[in-house]
Colleague: 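I have a structure here, written as structure tokens, and I will follow up with some questions on it.
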Amino acid sequence: MSTFTAGLTLLLVASTYWTQVSAQCSAGSCHLLDNCYTDSDCAPGLFCSSCVASGVLRPRCIRDQATVLQNISSLPFNKVAWLTTHNSFSIVGAPEKTGSRITFYNQEDSVTEQLNNGVRGLMLDMYDFRNDVWLCHSFDGQCLDITSFAPALDTIKEIMTFLVNNPSEIVTVFIEDYVSAVNGITNVFRAAGINKYLFPVASMPAPGADWPTVGTMIQNNWRFVVFTSKSAKQASEGIAYEWNFVNENIYGDDGVVAGACPNRAESQFMNSTRNTLILQNFFHTNPVQDATCRDNSQALYDQLSACYAASANRWANFLAVDFYKRSTGGGAFQAIDKLNGQMECGCDSPVSCQTQTAPGNCPADV
């Protein structure tokens, strides 16, 4: 048999096998981990993707939406976990507003799409730029044309629209703050009309105390929770200094070391009970879009327990990742399910909490 004939035969066999495997489901009937051709093959809440970095060569249906939480209005805000996107504004394909962009990216969906898929925490880097406040990466601490994305007002307006259209939702924003303009961020909030939803610092809990319940926050319209990395802004603009209220682990490559969960320099130690909110970062220093599916899978899931142990046996409230939909299956969404299930009833899924008949009984865990 010639080399050409042998190669053609192998291709036909592979094609036939692929067709047989993929033909098992289609048109929205494919479930989690089923092989697929296109997103339309997958059931709602799933999309079709592979993960070559983990050896998953054939596309399969993986999760792209968070579980809708039920009956959480009586839970303190610090007893719920929220999926968070690192550098939420740094989006592949975002319009170039200041010429050609030369920088890295961390997400692939618009902020509106992130929110619609269940993201409830956003990390935004804000800079003085072009006599305004912009979302930007920096070069030597400065926002440049080649590293800029958009005026911060654009994204705050997206959040505002989401809050208006979803009156029972809460969005938390973590600002990496490089804004020196007097009342610069406050002016952005005012221009977007979002101040009416801002959680007032005066109503935030005393050290060691629980936050108000989710229901109380919704009732009072305290649905826009904002933290800044500049301590002076708490007094000057009424924006909470993050590490007065949140314990946060180190970010970047040091934050993905298996079994370790040290605090970042500005934060209290992870096991300090002064702050009752915990932010867990899990992303590499240099994001690689096609490799993130490996990070946002078993390694992420395993690291939840490491940060739980480091945080005085407390689960994280915010889980921050790059390319939040990328995984080999359940991904960051399954990790958030575990955090919520564990905090509510000791199970690995909040769905189990709704059907639990006895402590330790977790019927919906996978």
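Here the structure is a predicted model, which is why all the values come from computation and not from measurement.
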Colleague: Would a line drawn from the ring center of Phe174 to the ring center of His86 be shorter than 6.0 Å?
Modeller: no

Colleague: Keeping Asn275 on the side-chain end and Leu277 on the backbone end, is there a donor-acceptor pair under 3.5 Å?
Modeller: no

Colleague: Tell me whether the centres of the aromatic rings in Phe77 and Trp222 are closer together than 6.0 Å.
Modeller: no

Colleague: Main chain of Ser180, side chain of Asp128: is a donor-acceptor contact present, judged purely on distance under 3.5 Å?
Modeller: yes

Colleague: Give me the one residue out of Cys48, Cys61, Cys42, Cys25 that meets disulfide bond (SG atoms under 2.5 Å apart) with Cys36.
Modeller: Cys48

Colleague: Looking only at heavy atoms, what is the nearest atom pair of Ser327 and Cys51, with distance?
Modeller: O-CB, 4.1 Å

Colleague: Quick check: does any side chain N or O of Arg130 sit under 3.5 Å from a backbone N or O of Thr98, one acting as donor and the other as acceptor?
Modeller: no

Colleague: Check Val80, Asn340, Leu69, Asp210 against Leu75 for a side chain to side chain contact (heavy atoms under 4.5 Å, CB included) and give me the one that passes.
Modeller: Val80

Colleague: Please confirm whether the backbone N or O of Thr112 pairs with a side-chain atom of Glu158, one donor and one acceptor, at under 3.5 Å?
Modeller: yes

Colleague: Among Asp109, Asn296, Thr84, Thr85, find the one that has a side chain to side chain donor-acceptor pair (under 3.5 Å) with Tyr324.
Modeller: Asp109

Colleague: Would you please say whether a donor-acceptor pair under 3.5 Å links the side chains of Asp64 and Asn117?
Modeller: no

Colleague: Would you tell me whether Thr216 and Thr213 have side-chain atoms, one donor and one acceptor, within less than 3.5 Å of each other?
Modeller: yes

Colleague: Could you tell me whether the side chain of Asn361 and the main chain of Gln356 form a donor-acceptor pair under 3.5 Å?
Modeller: no

Colleague: Taking Thr276 for its side chain and Ala209 for its backbone only, find out whether a donor-acceptor pair lies under 3.5 Å.
Modeller: yes

Colleague: Residues in ring-ring contact (aromatic ring centres under 6.0 Å, His included) with Phe224, at least two apart?
Modeller: Phe189

Colleague: Measure across Leu144 and Phe129 and return the closest heavy-atom pair with its distance rounded to 0.1 Å.
Modeller: C-CZ, 3.8 Å

Colleague: Share the residues that join Tyr127 in a hydrophobic cluster, the rule being Ile, Leu, Val, Met, Phe, Trp or Tyr side chains under 4.5 Å apart at the heavy-atom level.
Modeller: Tyr178

Colleague: Is it the case that the side chain of Glu169 and the backbone of Gly118 share a donor-acceptor pair, with hydrogens and angles ignored and the cut-off at 3.5 Å?
Modeller: no

Colleague: Sub-3.5 Å donor-acceptor pair from the side chain of Asn247 to the main-chain atoms of Ser272, do we have one?
Modeller: yes

Colleague: Between Lys230 and Ile185, does the side-chain contact (heavy atoms from CB on, under 4.5 Å) criterion hold? Intermediate values first, please.
Modeller: CA-CA 12 Å; Lys230 278 193 173 181; Ile185 294 175; over 6 Å; no

Colleague: With no hydrogens and no angle check, do the side chains of Asp348 and Gln342 hold a donor and an acceptor under 3.5 Å apart?
Modeller: yes

Colleague: Can you confirm whether more than 12 heavy atoms, excluding those of Lys338, are under 6.0 Å from its NZ atom?
Modeller: yes

Colleague: Taking all atoms of both residues into account, what is the closest heavy-atom pair of Gln354 and Asn71, and its distance?
Modeller: OE1-ND2, 3.0 Å

Colleague: Using a 4.5 Å cut-off on heavy atoms from C-beta on, say whether the side chain of Ser49 contacts that of Pro59.
Modeller: no

Colleague: Checking the side chain of Ser236 only, and the main-chain atoms of Ala232 only, is there a donor and an acceptor separated by less than 3.5 Å?
Modeller: yes

Colleague: What do you reckon, is OH of Tyr251 surrounded by more than 12 foreign heavy atoms closer than 6.0 Å?
Modeller: no

Colleague: Between OG1 of Thr186 and CD of Glu237, what distance do you get to the nearest 0.5 Å?
Modeller: 3.5 Å

Colleague: Identify the heavy atoms of Pro350 and Thr67 that sit nearest to each other, and give their distance.
Modeller: CG-CG2, 4.1 Å

Colleague: Please name the pair of heavy atoms, one in Gln303 and one in Val257, separated by the smallest distance, quoted to 0.1 Å.
Modeller: NE2-O, 2.9 Å

Colleague: Run the salt-bridge test on Asp290 and Arg326 with the 4.0 Å N-O cut-off and return the result as yes or no.
Modeller: yes

Colleague: Between Thr328 and Ser54, do the side chains contain a donor N or O and an acceptor N or O under 3.5 Å apart?
Modeller: no

Colleague: For the residue pair Asp322 / Thr292, report whether a side-chain donor-acceptor contact shorter than 3.5 Å exists.
Modeller: no

Colleague: Tell me yes or no: between the side chains of Glu248 and Asn281, is some donor less than 3.5 Å from an acceptor?
Modeller: yes

Colleague: State, to 0.1 Å, how close Phe333 and Ala66 come at their nearest heavy-atom pair, and which atoms those are.
Modeller: CD2-N, 3.3 Å

Colleague: Examine distances only and state if a side-chain atom of Asp41 and a backbone atom of Cys30 form a donor-acceptor pair shorter than 3.5 Å.
Modeller: no

Colleague: Under a 4.5 Å side-chain heavy-atom rule over Ile, Leu, Val, Met, Phe, Trp and Tyr, are Val226 and Met204 clustered together?
Modeller: no

Colleague: Is it true that Lys325 and Glu108 make a salt bridge, defined as a side-chain N closer than 4.0 Å to a carboxylate O?
Modeller: no

Colleague: Is there a donor in the side chain of Ser229 and an acceptor in the side chain of Glu176, or the other way round, less than 3.5 Å apart?
Modeller: no

